[in-house]
Chemist: 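Before anything else, here's the structure in question.
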Amino acid sequence: MSDCDSSCHAHQKDHLCEGCEACELLEQRNRKLKREVDSLSEEQQRLTEALRAHEPFCPIMHCSFASSTSSGLQPDSMAARSV
């Protein structure tokens, strides 16, 4: 093997290691983002349940003015907008 071949091989090996490190960093970030998405989905579910439990007792929801103007604020339409 010539000196050029050795140098080129060493450079390729270094480049692959850098790629592995970058890949590992991306995988770690991906895992972190997935955990965050899971956490936010759980929070959304808890808040949606709290809202549904609150609605029967909410004086604003039972007001005729509110019911005619707040149809866009129902939990299902809010969830659809957040997706």
Side-chain angles (χ1 to χ4, degrees):
M1 194 183 303
S2 71
D3 287 340
C4 183
D5 289 339
S6 297
S7 175
C8 193
H9 182 69
H11 179 72
Q12 287 176 343
K13 185 177 178 184
D14 288 344
H15 184 70
L16 288 175
C17 288
E18 290 172 8
C20 290
E21 291 171 11
C23 185
E24 179 59 32
L25 288 174
L26 288 173
E27 288 176 356
Q28 287 176 1
R29 183 165 184 213
N30 190 32
R31 286 189 296 269
K32 181 180 177 184
L33 289 171
K34 284 182 178 184
R35 285 191 302 267
E36 186 175 354
V37 166
D38 290 342
S39 175
L40 290 171
S41 295
E42 290 173 7
E43 182 179 10
Q44 180 186 17
Q45 185 176 7
R46 284 192 306 271
L47 291 172
T48 299
E49 290 171 8
L51 179 61
R52 285 192 178 136
H54 170 77
E55 283 177 341
F57 306 103
C58 180
I60 296 172
M61 295 298 292
H62 297 292
C63 175
S64 62
F65 173 77
S67 64
S68 66
T69 60
S70 67
S71 60
L73 299 178
Q74 297 300 319
D76 291 338
S77 64
M78 287 171 51
R81 283 186 287 181
S82 67
V83 174

Chemist: Does Arg31, at its CZ atom, have more than 12 non-hydrogen atoms belonging to other residues, nucleotides or ligands within less than 6.0 Å?
Modeler: yes
Chemist: Should Glu42 and Arg35 count as an ion pair when the cut-off is N to O under 4.0 Å?
Modeler: no
Chemist: Say you draw a straight line from CD of Gln44 to CZ of Arg46; how long is it, rounded to the nearest 0.5 Å?
Modeler: 11.0 Å
Chemist: Could you grab the distance from atom OG of Ser39 to atom NZ of Lys34, nearest 0.5 Å is fine?
Modeler: 16.0 Å
Chemist: Output the distance between atom CD (Glu27) and atom SG (Cys23), rounded to the nearest 0.5 Å.
Modeler: 4.0 Å
Chemist: Atom CG of Asn30 and atom CG of Leu25: how far apart are they, to the nearest 0.5 Å?
Modeler: 12.5 Å
Chemist: Does the side chain to side chain contact (heavy atoms under 4.5 Å, CB included) test come out yes or no for Arg52 and Thr48, once each step is laid out?
Modeler: CA-CA 6 Å; Arg52 285 192 178 136; Thr48 299; 3.8 Å; yes
